[in-house]
Amino acid sequence: MDVHVDSETAPLRSVIVGYPDNFLDVEPEIINETQRKFYDGPDAPTKEAVTEQLNGFISVIEAHGVTVHQPRPLPYIPDQMMTRDIGVVIGDTFVVTTMAAKSRRHEWRGYAHLFEHFSPHTKVLFGPEDLVIEGGDVIVDKGKVFVGIGQRTTLAGAAWLMQLVPEYEIVPINLRGLTDGEDVLHLDCSFLPVGENSALIYPGGMREVPATVRETYDLIEVTREEQQRLGTNVLSLDPQTVVSQPTSQRINDEMRARGITVIELPYSEPPKTGGSFRCCTLPLHRSF
């Protein structure tokens with residue numbers, strides 16, 4: 001199995017998509033503000049609704065010729081849908097990340113069976129237990145690794161990653177958090193490349209927009225309301241094709257104006273756990 005990612009938008013070849021069938025079979029640890037809002041309310045996500053929408057998402061991905069893998073169910077994990085956070089591929093290196101929430105620290109075991117199928121040249125490395133680095137804070141694109149530092153990934157985590165892949169330029173981005181009146185859980189909730197040279201961005205989610213971001217991308221600014229609906233958390237199937245929520249109509253129109261085909265897919269339920277299309281996917285291989 002080929003494992004290689006050096007672009008956020010190169011054609012997706014294989015991916016690990018979240019597993020919903022055991023959703024909330026175990027009492028969950030409330031780990032973000034979105035869960036705190038929905039889990040005990042009248043609009044709480046149900047296993048049936050989450051499974052239906054995630055399976056619809058998988059069908060769209062597979063229709064584009066992408067090989068889809070899923071984690072094996074773990075009886076002690078309440079939610080195995082957000083695979084993005086529990087690993088990241090940078091070049092030929094697969095990093096098993098270190099999660100902030102204790103309930104997610106062993107979630108990687110759900111995909112560990114895939115390791116034996118990886119190409120011999122693939123390096124599998126585990127993040128140290130005394131720091132935090134989560135995949136939603138890591139974006140690999142155009143020879144750079146953008147790393148969000150905020151609610152989840154720590155400065156120590158970003159520094160460890162910098163030593164791990166010296167061939168890439170590491171671009172740290174300090175995110176605004178709850179004490180700043182913002183709820184940016186990960187970098188991909190505030191910034192994400194799309195198309196050939198564009199990127200979605202919510203500037204209010206960053207303490208400062210790095211110059212290299214402004215210089216590298218044609219930026220599509222996202223409003224606070226759009227960000228709160230996870231409008232930046234789309235999935236690129238290739239440089240010309242993006243999966244997005246129909247509730248992000250203005251964003252979708254901006255992407256279409258740049259020549260990107262936008263597949264609008266209803267996806268109201270999985271985001272109630274805290275993540276949307278990108279969060280539910282861990283790309284193993286992207287290549288032209």
Side-chain angles (χ1 to χ4, degrees), residues 4-15 17 57 60-66 68 84 88-91 135-148 168-169 171 173 184 186-206 209-227 229-267 271 275-288:
H4 183 86
V5 173
D6 62 9
S7 166
E8 180 66 25
T9 65
L12 185 61
R13 305 299 182 187
S14 64
V15 63
V17 179
F57 181 33
V60 168
I61 296 172
E62 290 180 329
H64 280 73
V66 180
V68 172
R84 176 71 62 164
V88 61
V89 179
I90 305 174
D137 279 319
V138 181
I139 296 171
V140 184
D141 199 55
K142 299 186 183 302
K144 302 174 178 65
V145 180
F146 301 93
V147 184
Y168 289 86
E169 177 189 351
V171 182
I173 301 179
V184 179
H186 292 113
L187 178 60
D188 60 12
C189 299
S190 186
F191 166 71
L192 196 68
V194 293
E196 297 283 357
N197 296 294
S198 298
L200 306 177
I201 189 168
Y202 172 57
M206 304 176 182
V209 178
T212 187
V213 169
R214 296 191 183 279
E215 294 165 359
T216 303
Y217 299 101
D218 163 34
L219 296 176
I220 301 171
E221 289 204 10
V222 171
T223 68
R224 190 170 193 267
E225 182 181 0
E226 290 167 334
Q227 185 273 332
R229 295 198 304 264
L230 297 175
T232 62
N233 204 256
V234 302
L235 179 71
S236 290
L237 298 176
D238 57 51
Q240 291 80 39
T241 313
V242 164
V243 183
S244 179
Q245 295 191 58
T247 52
S248 299
Q249 195 60 58
R250 189 194 66 83
I251 297 172
N252 297 343
D253 288 345
E254 289 282 358
M255 289 192 287
R256 290 188 179 106
R258 289 159 173 80
I260 300 171
T261 297
V262 180
I263 300 172
E264 294 187 355
L265 186 67
Y267 210 64
S276 191
F277 296 116
R278 188 180 192 268
C279 289
C280 291
T281 54
L282 197 176
L284 294 175
H285 185 203
R286 286 187 181 271
S287 68
F288 288 96

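Count residues from 1 along the sequence.
Side-chain contact of Glu226 with Thr223: a donor-acceptor pair under 3.5 Å is present, judged by distance alone.
Remark: the backbone N or O of Gly195 is paired with a side-chain donor or acceptor of Thr9 at under 3.5 angstrom. The backbone N or O of His285 lies less than 3.5 Å from no partner atom in the side chain of Arg13, so there is not a single donor-acceptor pair. The main-chain N or O of Gly143 is never found under 3.5 Å from a side-chain atom of Asp6 such that the two would form a donor-acceptor pair. Side-chain atoms of Arg224 do not come within 3.5 Å of backbone N or O of Gly204 as any donor-acceptor pair. Judged by distance alone, with hydrogens and angles left aside, the side-chain atoms of Asn233 form a donor-acceptor pair with the main-chain N or O of Ser276 at under 3.5 Å.
Rounded to the nearest 0.5 Å, atoms CG (Leu12) and OG (Ser287) are 9.5 Å apart. Of the inter-residue distances, the one linking Glu264 atom CD with Gln245 atom CD reads 10.0 Å to the nearest 0.5 angstrom. In this structure, CD1 in Ile260 is found 6.0 Å from CD1 in Ile220, a value given to the nearest 0.5 Å. We find the CD-CD1 distance between Gln227 and Ile251 to be 9.5 Å, quoted to the nearest 0.5 Å. We find the NE2-CG distance between His186 and Leu230 to be 11.5 Å, quoted to the nearest 0.5 Å. To the nearest 0.5 Å, atom CG of residue Asp253 and atom OG of residue Ser248 are 10.5 Å apart.
With a 4.5 Å cut-off on side-chain heavy atoms, Val147 and Leu187 do not count as touching. Between Arg258 and Glu196 the shortest side-chain heavy-atom distance does not fall below 4.5 Å. Counting only heavy atoms from C-beta outward, the side chains of Ser190 and Met206 approach each other to under 4.5 Å. Side-chain contact between Phe146 and Pro210 is absent, with no heavy-atom pair separated by less than 4.5 Å. Proximity of Pro239 to Pro11: side-chain heavy atoms (C-beta onward) are separated by under 4.5 Å at one or more points. Residues Leu235 and Ile61 form a side-chain contact, since some pair of their non-hydrogen atoms from C-beta on lies under 4.5 Å apart. Arg84 is listed as a side-chain neighbour of Thr281, based on a closest heavy-atom distance under 4.5 Å. Looking only at side-chain heavy atoms (C-beta outward), Val194 and Glu254 stay at 4.5 Å or farther from each other.
When every heavy atom of Val262 is checked against every heavy atom of Ser244, the shortest pair comes out as CG1-CB, 3.8 Å. In plain terms, the two heavy atoms of Tyr168 and Val5 that are nearest each other are OH-O, 4.2 Å.
Considering Thr232, Val213, Leu200 as possible partners of Phe191, the one that fulfils the side chain to side chain contact (heavy atoms under 4.5 Å, CB included) test is Val213. When Lys142, Arg278, Lys144 are each tested for a salt bridge (charged side-chain N to carboxylate O under 4.0 Å, His left out) with Glu8, only one passes: Arg278. With Leu192 as reference, Val234 is the one residue of Ile201, Asp141, Val222, Val234 to meet the side chain to side chain contact (heavy atoms under 4.5 Å, CB included) rule.
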Steps toward side-chain contact (heavy atoms from CB on, under 4.5 Å) verdict (Val243, His64): CA-CA 11 Å; Val243 183; His64 280 73; over 6 Å; no
Evaluation steps, side-chain contact (heavy atoms from CB on, under 4.5 Å), between Ser198 and Met255: CA-CA 8 Å; Ser198 298; Met255 289 192 287; over 6 Å; no
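The number of heavy-atom neighbours closer than 6.0 Å to CD of Glu221, taken from other residues, nucleotides and ligands shown, is 12 or below. Counting non-hydrogen atoms of neighbouring residues, nucleotides and ligands closer than 6.0 angstrom, the CZ atom of Arg256 exceeds 12 such neighbours.
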